[in-house]
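Contents: one structure, followed by commentary.
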Amino acid sequence: MQALAPSDTLHQHFPQGLHFSLLKSSKTHQEIQQFHAFSLKTGIFTHLSVSSRLLSLYADPKINNLRYARSVFDRIEHPTLVLWNIIIKCYVENQRSHEGISLFTELLAHFLPDEFTFPCVIKGCAKLNALKEGKQIHGLVLKLGFGLDKFVQSSLVNLYSKCGEIGSAQKVFDEIDEKDLILWNSLLDGYARCGEVKVAMKVFEEMPEKDSYSWTVLIDGLAKSGEVETAREIFEMMPKRNIISWNTMINGYMKAGDVNSARKLFSQMSTRDLITWNSMIGGFELNLRFVEALEMFERMLKEEFRPSQATLVSVISAVSGLASLAKGRSIHSYIVKNGIELDGVVGTVLIEMYSKCGSIDSALAVFRTINHKKLGHWTAIIVGLSIHGMAEHALKLFLEMRKIGVKPNAITFVGVLNACSHAGLIDDGRGYFKMMINEYGIKPTIEHYGCLVDMLCRAGYLEEAKGTIEEMPMRPNKVIWMTLLSGARIHGNTKIGEYAAYNLIEVAPETIGGYVVLSNMYAVAGEWDKVSKVREMMKKRGLRKEPGCSLIEHRGMHHEFIVGDKSHPQTKEIYSKLSEMREKLKLAGHIPDTSQVLLYIEEEEEKEAELEHHSERLAIAFGLINVEAGCPIRIMKNLRVCNDCHSVTKLLSKIYSREIIVRDNSRFHHFKNGLCSCKDFW
DNA sequence: CAGTGATGGC
């Protein structure tokens with residue numbers, strides 16, 4: 001085909017209307033796509049001027065379509081420097097600065113960057129908090145002689161301000177002759193956000209002029225430095241408050257934990273935008289006010305705002321916090337109906353949500369539908385499977401993930417080690433621990449040591465577990481001592497149990513579990529004087545055993561039971577179900593294990609009765625009555641499952657052919673066909 | 001045909 005000059009081509013081939021619309025300054029995405037398709041069909045795309053125009057149209061801030069911009073860019077054989085600059089900017093604007101910076105290094109192989117390139121990549125570094133890369137680029141700026149460009153200077157001050165290196169920001173600032181408002185604002189931002197409140201106020205007063213940016217930056221900085229009240233005063237003084245300043249103030253209150261002040265401001269706003277809603281929903285979630293987060297979300301939909309990915313991430317996390325599977329499913333269906341992508345963080349939190357709500361099957365289903373699985377998705381499902389005790393599956397996915405070249409992070413390894421521990425794979429666990437350090441350069445955190453200790457305890461290597469705790473480079477916390485204590489209890493090692501319990505009581509005297517396990521251990525060993533000593537200690541500290549509480553969700557409603565509860569409308573049926581359960585258990589040969597209730601109750605009969613009325617028993621009875629046959633019974637409880645309930649639930653799962661899924665305070669137990677996924681170690 | 005500053009989410 002003969003190449004035509006682009007201008008000729010446009011005249012000859014453009015449909016009249018389309019041609020005309022392309023002369024307008026603003027174009028719709030559809031018009032650009034039509035032009036795009038047309039240019040490909042006719043071959044004029046191969047002209048650099050046409051493809052360049054297309055790229056700049058897609059990269060225009062009003063259109064900002066990275067996917068199309070990239071596909072145009074990829075089809076250009078030898079992009080000019082200008083085109084590289086455009087595509088880099090596009091990545092940075094789309095919160096994908098990391099790839100923007102990779103493109104920048106790729107660019108270096110073909111061109112020397114110019115004064116247009118630098119502001120884009122420096123902005124990318126600022127967004128990523130990539131101070132090291134930023135400094136290298138600063139060096140290159142000076143080497144190539146762009147140190148006097150106004151835009152480059154501004155972006156450098158901004159970089160240092162955002163990355164908390166206020167000294168360097170000030171230094172660059174001082175060397176600039178003509179300081180404009182943008183520059184002053186960047187410096188002010190730096191002082192405000194690093195908590196230099198006094199200096200920030202001084203800069204604010206010294207500035208030759210101020211605009212709304214200056215005010216907001218100061219309000220934000222003050223609020224984030226723990227001075228919300230001062231921030232509020234400045235907010236009140238601000239001449240023309242705009243929506244951004246309102247949102248900033250709301251966020252300030254939310255971050256400071258002052259939910260009520262945030263709510264008040266929200267109600268006073270005359271117009272709200274997406275960020276307002278997200279700040280409220282995210283703020284509620286941050287402050288563990290999950291119900292309010294969900295209510296806000298529903299109100300947002302009612303007022304016909306379209307949630308963004310950020311909104312959904314907060315709402316789904318709130319659902320995780322509530323562990324409300326029904327709510328989770330309804331939000332998931334909203335996501336599917338509205339065609340919202342799961343490839344990003346939304347997919348990750350959805351997997352986490354299902355897993356935390358007890359439905360690992362749904363978590364797996366979501367995981368499978370994600371096309372471009374990223375580290376977060378792999379990590380979420382591996383961690384999910386591991387807390388559900390599905391170790392083999394978790395490890396299989398871990399190997400698969402490594403095989404396709406996804407690099408695990410510290411959290412992935414928490415999942416992996418947890419899985420090894422569940423499956424009793426000590427040698428593998430030790431191997432992965434080493435792999436994490438040597439192959440991936442990840443420094444183990446206390447969670448990783450926790451898994452290691454758990455693994456050793458489970459296998460009965462209590463001395464080695466104790467040694468690991470003593471040798472680890474950080475101070476053991478509550479979880480670590482609890483793990484050792486559980487191990488000691490299960491393997492009947494009173495000596496190590498005592499050691500663990502006393503350390504636990506030292507680091508977390510308010511943890512009731514420590515006293516309870518210790519006292520029960522003494523009781524089993526028949527050391528009654530010590531039992532009463534522990535009881536004495538608890539009394540002195542004003543500690544009472546937290547009442548067991550179980551929750552079951554049915555048709556979107558939560559039913560809550562405490563020990564011996566008789567307040568439920570179905571109490572009569574529930575208690576007759578309990579008698580039926582008792583008979584069937586007896587027939588199956590179950591002997592109640594009262595070793596866990598010795599603390600308060602003296603008579604054997606009373607102990608058995610107490611066991612029978614443990615909150616999860618009541619919830620299971622409710623579930624057997626109400627939950628549709630074939631559906632698993634899902635229960636959440638606040639405490640660790642007691643020994644007797646654990647063996648009873650195993651039996652019940654077989655007797656009634658029902659899957660029973662129980663979430664206790666740290667993991668899930670899947671009871672099925674007489675067995676539990678925790679393999680009797682918890 | 002391109003580049004600098006404020007709020008949420010990652």
Side-chain angles (χ1 to χ4, degrees), chain A residues 48-61 72 79-90 92-98 113-124 126-129 146 149-159 161-162 176 180-190 192-193 210-221 223-224 235 238 241-252 254-255 272-283 285-286 307-317 344-346 348-349 374 376:
Chain A
L48 197 55
S49 63
V50 172
S51 45
S52 301
R53 176 98 179 109
L54 263 172
L55 180 56
S56 75
L57 285 170
Y58 280 132
D60 184 282
V72 170
T80 60
L81 179 56
V82 174
L83 299 181
W84 280 97
N85 291 346
I86 295 175
I87 194 72
I88 289 172
K89 184 201 116 190
C90 207
V92 172
E93 292 308 308
N94 282 283
Q95 336 302 334
R96 290 169 64 171
S97 304
H98 208 85
D114 65 7
E115 72 274 30
F116 287 93
T117 323
F118 284 117
C120 302
V121 277
I122 294 170
K123 188 178 182 177
K127 283 191 176 193
L128 291 173
N129 245 291
F146 293 113
D149 183 275
K150 183 181 160 194
F151 291 98
V152 177
Q153 290 170 329
S154 251
S155 56
L156 282 169
V157 171
N158 185 246
L159 166 79
S161 284
K162 290 278 149 59
I176 298 169
D180 63 8
L181 180 55
I182 292 184
L183 201 57
W184 275 101
N185 282 339
S186 294
L187 187 74
L188 174 64
D189 186 19
R193 76 170 55 226
K210 307 181 213 329
D211 63 2
S212 63
Y213 284 68
S214 328
W215 288 90
T216 329
V217 153
L218 185 61
I219 293 168
D220 190 43
K224 290 200 173 117
F235 175 74
M238 182 172 172
R241 290 186 297 234
N242 57 13
I243 197 162
I244 297 181
S245 55
W246 282 84
N247 289 343
T248 304
M249 203 57 234
I250 286 183
N251 266 306
M254 283 299 197
K255 299 260 155 70
R272 305 181 177 113
D273 65 8
L274 179 63
I275 294 186
T276 316
W277 291 99
N278 286 356
S279 302
M280 290 303 290
I281 297 169
E285 198 271 326
L286 183 78
S308 63
Q309 305 238 336
T311 325
L312 295 165
V313 168
S314 297
V315 184
I316 299 167
S317 306
V345 199
V346 176
T348 306
V349 292
K374 299 200 191 76

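Computed from a predicted structure; not experimentally measured. Quick note on labels: first sequence line is chain A, next is B, and so on, each numbered from 1.
- For A:Phe151, the side chain to side chain contact (heavy atoms under 4.5 Å, CB included) partners two or more places apart in sequence, or in a different chain, are A:Pro119, A:Asp149.
- The residue A:Asp273 sits apart from the nucleic acid: no heavy atom pair falls under 4.0 Å.
- At the heavy-atom level, A:Lys127 lies nowhere under 4.0 Å from the strands shown.
- Across all strands, A:Asn251 comes closer than 4.0 Å only to sugar-phosphate atoms, never to a base (heavy-atom distances).
- Using a 4.0 Å heavy-atom cutoff across all strands shown, A:Leu274 reaches at least one base atom of the nucleic acid.
- Here A:Ser214 lies out of heavy-atom contact (under 4.0 Å) with every strand.
- Nucleotides of DNA chain B nearest to A:Gln95 and A:Met238 differ in position, and the one nearer the 5' end is that of A:Met238.
- Residue A:Ser56 is classed as a sugar-phosphate contact, given heavy-atom separations below 4.0 Å to backbone atoms only.
- Every salt bridge (Lys or Arg N to Asp or Glu O under 4.0 Å) that A:Asp180 has, sequence neighbours left out, goes to A:Lys150.
- With a heavy-atom cut-off of 4.0 Å to chain A, the contacted part of DNA chain B has its first and last nucleotide at B:dC1 to B:dC10.
- Among the protein residues, A:Ser308 comes within range of the nucleic acid bases, having at least one heavy atom under 4.0 Å from a base atom.
- Within 4.0 Å of A:Arg193, counting heavy atoms only, lie sugar-phosphate atoms of the nucleic acid but no base atom.
- If you check every strand for non-hydrogen atoms under 4.0 Å, A:Lys210 touches nothing.
- Here the side chain of A:Lys255 pairs no donor or acceptor atom with the backbone of A:Lys224 at under 3.5 angstrom.
- The residue A:Val313 sits apart from the nucleic acid: no heavy atom pair falls under 4.0 Å.
- In this view, A:Arg241 and A:Phe235, A:Glu236, A:Met238, A:Ser245, A:Trp246 satisfy the side chain to side chain contact (heavy atoms under 4.5 Å, CB included) rule, not counting sequence neighbours.
- Residue contacts for A:Gln309: at a heavy-atom cut-off of 4.0 Å it reaches no nucleic acid atom on any strand shown.
- Considering only residues two or more places apart in sequence or on other chains, A:Ser56 meets the side chain to side chain contact (heavy atoms under 4.5 Å, CB included) condition with A:Arg53, A:Ile86.
- Applying the side-chain hydrogen bond (donor to acceptor under 3.5 Å, both in side chains) rule to A:Ser161 yields no partners; only residues at least two apart in sequence or on another chain are considered.
- When heavy atoms are screened at a 4.0 angstrom cut-off, A:Leu181 is found touching base atoms of the nucleic acid.
- Here A:Thr248 lies in heavy-atom contact (under 4.0 Å) with sugar-phosphate atoms only.
- Judged by distance alone, the side chain of A:Asp220 and the main-chain N or O of A:Thr216 form no donor-acceptor pair under 3.5 Å.
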